[in-house]
Every structure is written in C-alpha cells, then in structure tokens.
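Every heavy atom of this structure was used, including side-chain atoms; hydrogens, water molecules and symmetry mates were not. Here the structure is a predicted model, which is why all the values come from computation and not from measurement.
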Amino acid sequence: MIKVAIILLGLSIIASSQSSAQSLKRVGFIDLPGPKGQRFDYLTMDDEDHYLLSAHLGPGILYIIDVRTNSLVKAIPGLPGITGVEYIPGLHKAYTSDWGEEKIGIVDLRQMKLLKRLPTAEKPNGSAYASGFGKIYVSDTIGKAVAIVDVSKEEIVKTLNFDSETGMPQYDSVAKRVYVNLRSTNEIAEINPSTDTVTGKYPVPGCQYNHGMAVDSEHHRAFLLCNANRTLTVLALDTHKALARLPLPQGADVVKYDPGLRRAYAACSSGFISVVQEDDSEHFRKLEDVPVQKLVHSLAVDTATHRVYVPEQQEDGSPVARIIIYEPSPTP
C-alpha cells in the first residue's frame with residue numbers, strides 16, 4: 001500500500017505540473033548585430049510588412065526584423081538613446097523617440113533610412129498613433145508634456161503640458177480618445193484627438209507611479225503598471241473605476257494587450273513576464289509570472305500569430321543582443 005501511495009503521489013505531482021504548464025513557451029530566438037549587453041527599449045509591430053521594429057537604446061539602433069523568416073532586414077543606426085518606436089500604417093514609416101538628442105525621428109521603411117528629426121521636450125519616450133486622425137502622440141516624460149505630430153506634414157503641431165511626468169500614451173480606437181499616464185500624480189489624462197484638448201484627468205485608485213499602459217479598445221479597459229506599489233490595475237475608461245488590482249514582480253515597465261486571446265503581458269526587469277487573462281469585461285485574473293532573463297522590461301505582441309517577442313541584453317549573466325520568441329499556450 002505504501003508503494004502504491006508513493007506511485008500515486010508521483011503521478012499526482014506530474015499531473016499537477018502539467019496542469020500548470022506555462023502560458024508562454026520559448027520557441028526560438030533572433031541574434032542581432034548590435035553590441036551585446038546594452039539596454040533595449042520599446043518594440044512594435046508593422047503588420048503590413050510583417051516587420052518587428054525593435055529599439056536598441058544603448059547603441060541607438062532601430063532593428064527591422066521580418067517575423068515570417070525571423071531574420072534581420074536592416075539595422076538603422078544614428079538614433080541616439082532610442083526609446084519608443086511607433087509604426088504608421090499606410091505610410092510605411094516609423095516614428096522613434098530619441099532621448100539622446102531630445103528629438104523624434106522619422107524613418108522610411110521603404111528606403112530603410114532616417115528622413116527627418118523633430119526637436120521636442122525632454123526625454124521623448126512612449127508613443128501612440130491615432131489612426132483616422134493622422135497624428136502620433138509622443139510622451140516627453142521628463143519634459144512633462146505630450147508632443148503631437150501630424151504625420152502628413154511630418155511636423156509637431158501642438159504640445160500639451162502637464163503638472164506631472166508623462167508615462168505611456170495609448171489610443172482607444174473605439175472611443176476615439178488618447179489616454180496618457182500622469183505618473184507623478186497617479187492619474188490618466190484624456191485627450192480628444194479631433195481638437196487636441198485635454199477633456200479630463202482621472203485618478204487611478206490604488207495605483208502609484210503609473211507608467212506602462214495597454215488598452216482594450218473594444219471594452220474600454222486600460223491595463224496600467226503601477227511601479228511604486230508593484231500592481232497591475234485594470235481601469236474602466238468609461239466609468240473611471242478600478243476593476244482589478246493584481247500583484248506584479250519588481251521592475252514592471254511595458255505592458256501589451258492581445259485582443260484575440262484577451263491577454264495582457266507585463267515585462268518586469270526582475271526576470272518575469274506577468275500574464276493576465278481577461279475573462280470578460282469585468283473579470284480579470286493573473287495566470288502566472290513566466291520566468292525570463294533579468295533586465296527584460298519590454299515586449300511586443302503579433303496579434304496575427306499571437307507570438308510574443310522579447311529583447312534580451314543578457315543570458316544567465318552573459319551579455320547578448322537578441323530577440324526571444326514565445327508561443328502562447330492555452331489558458332491554464
């Protein structure tokens with residue numbers, strides 16, 4: 001009986017392990033030519049050309065990667081301190097936030113070269129494109145501002161100033177509003193892109209130092225990374241109520257949302273990607289903290305394939321420069 005009990009216990013442990021299989025599975029990687037061990041920042045998808053655009057902040061390089069072949073198409077240097085990168089559909093252009101020179105870069109992805117630099121306020125960072133209005137909204141974090149660029153003119157047409165450092169902006173394509181984190185005051189600001197006026201500021205209950213943001217436009221939900229108290233807060237953008245507060249590992253920076261799987265992924269530099277499932281518009285649960293390499297603080301989601309792309313600057317303590325590819329697993 002004891003022997004049978006031990007066997008059953010072993011089977012139970014195996015079954016338990018299999019039932020809690022990770023929600024992300026590493027399936028490949030792409031080595032990059034830039035210097036190893038230097039910091040990466042934001043990534044975004046160009047769904048028209050099937051490109052992944054990755055900002056290598058340390059050496060000031062923008063990588064253009066073909067996700068169909070997992071191969072590097074071009075490395076564009078000369079973008080000092082590149083943090084943010086945003087793709088403009090239809091124009092085949094990317095706008096970069098170049099902290100090292102306090103400028104916004106305009107990159108032509110047909111010619112694969114930098115076309116223009118636009119001076120802006122201090123520390124250009126995250127950005128969001130309001131499709132249908134032809135404008136990109138760039139957070140100037142330390143400058144406490146948001147620069148608004150008309151992509152047809154390739155000019156900054158307005159700058160909105162705040163009494164707080166600005167975090168990540170996002171565009172709700174259904175409500176047709178731009179939202180930006182005001183991380184010093186624990187609020188979000190709402191911008192009407194038709195007039196480029198601030199139409200409201202709303203506190204984020206239970207959130208301290210909100211920097212990262214992703215938006216579920218269909219349900220008007222914002223996923224906010226609250227760095228100071230290590231919490232992911234789900235905020236209803238229509239009622240301004242907090243619907244969920246979920247714990248995060250240290251160092252949460254960038255969060256992305258996959259509308260097909262209804263999942264949010266938060267990259268945490270302490271060595272984890274937190275995965276949050278949206279069961280419906282009112283209920284959210286954390287699936288797990290997937291272990292990854294330390295100093296990983298950014299990621300991108302290909303909504304067509306649901307793959308997650310993660311930049312690494314180190315592997316088990318050794319310097320690298322690469323993109324790790326993850327496949328999502330079914331909801332545990």
Side-chain angles (χ1 to χ4, degrees), residues 34 38-46 51-65 75-89 91 93-109 114-131 135-149 151 154 156 159-160 162 165-171 178-183 191 210-215 224-225 227 252-257 266-267 269 296-301 309-311 313 323:
Q38 296 195 21
R39 181 181 173 93
F40 285 83
D41 218 301
Y42 287 102
L43 307 89
T44 195
M45 297 299 304
D46 164 3
Y51 289 158
L52 171 69
L53 310 179
S54 173
H56 201 175
L57 186 155
I61 298 173
L62 174 66
Y63 299 113
I64 295 96
I65 298 162
I76 300 177
L79 301 165
I82 178 173
T83 55
V85 56
E86 191 73 19
Y87 177 68
I88 309 302
L91 299 182
K93 291 179 181 177
Y95 279 67
T96 64
S97 301
D98 304 332
W99 180 14
E101 59 181 6
E102 315 291 15
K103 292 180 180 178
I104 298 167
I106 305 174
V107 176
D108 189 309
L109 296 176
L114 176 68
L115 298 180
K116 196 173 183 179
R117 304 175 197 264
L118 307 175
T120 190
E122 192 173 358
K123 197 183 179 182
N125 203 344
S127 53
Y129 179 60
S131 57
K135 299 174 192 172
I136 183 171
Y137 295 75
V138 180
S139 167
D140 293 319
T141 298
I142 298 176
K144 299 182 178 180
V146 171
I148 305 169
V149 181
V151 299
E154 296 185 346
I156 295 175
T159 297
L160 298 175
F162 297 90
E165 290 185 351
T166 51
M168 185 68 182
Q170 286 287 276
Y171 177 56
V178 175
Y179 296 91
V180 61
N181 274 317
L182 304 179
R183 67 187 198 182
I191 301 167
N210 46 308
H211 177 69
M213 183 195 305
V215 166
L224 305 176
L225 302 187
N227 298 59
D253 189 358
V254 174
V255 57
K256 294 293 179 75
Y257 178 71
S269 61
V296 165
H297 67 102
S298 185
L299 51 79
V301 176
Y309 296 88
V310 177
Q313 67 184 72
I323 301 291

Any residue meeting side-chain contact (heavy atoms from CB on, under 4.5 Å) with T120, in chain and number order, not counting sequence neighbours: I104, P124, D140, A147, I156
Can you find a heavy atom in the side chain of V138 that is under 4.5 Å from one in the side chain of V146? no
Just jot down the ring-ring contact (aromatic ring centres under 6.0 Å, His included) partners of Y309, sequence neighbours excluded, or say none. none
Suppose we screen for ring-ring contact (aromatic ring centres under 6.0 Å, His included). Which residues come up paired with F40, at least two apart in sequence or across chains? H56
Of all residues at least two apart in sequence or in a different chain, which pass the side-chain hydrogen bond (donor to acceptor under 3.5 Å, both in side chains) check with K135? D196
Is the backbone of S139 close enough, under 3.5 Å, to the side chain of N125 for a donor and an acceptor to pair up by distance? no
Under the rule for salt bridge (Lys or Arg N to Asp or Glu O under 4.0 Å), what residues qualify as partners of E154, not counting sequence neighbours? K93
Partners meeting side-chain hydrogen bond (donor to acceptor under 3.5 Å, both in side chains) with Y129 (sequence neighbours left out): none
When rounded to the nearest 0.5 angstrom, what is the spacing between NZ in K256 and OG in S298? 6.0 Å
d(I323 CD1, S54 OG) to nearest 0.5 Å is 4.0 Å
Separation of I88 CD1 from S127 OG (nearest 0.5 Å): 7.5 Å
side-chain hydrogen bond (donor to acceptor under 3.5 Å, both in side chains) involving Y95 - partner list, sequence neighbours excluded: none
Hey, could you give me the NZ/OG distance between K103 and S97, rounded to the nearest 0.5 Å? 14.0 Å
Taking only residues two or more places apart in sequence, or in another chain, which ones meet K123 in a salt bridge (Lys or Arg N to Asp or Glu O under 4.0 Å)? none
Sequence neighbours left out, what passes side-chain contact (heavy atoms from CB on, under 4.5 Å) with I64? Give chain and number order. Y51, L53, L62, V73, K74, I76, L109, M112
Nearest heavy-atom contact between A130 and V178 is CB-CG2, 4.3 Å
Using the test side-chain hydrogen bond (donor to acceptor under 3.5 Å, both in side chains), find all partners of T96 that sit at least two apart in sequence or belong to another chain. D98
Restricting to salt bridge (Lys or Arg N to Asp or Glu O under 4.0 Å), what partner residues turn up for E165, sequence neighbours left out? R183
Is Y257 close to Q170 at the side-chain level, that is, under 4.5 Å between some pair of heavy atoms? no
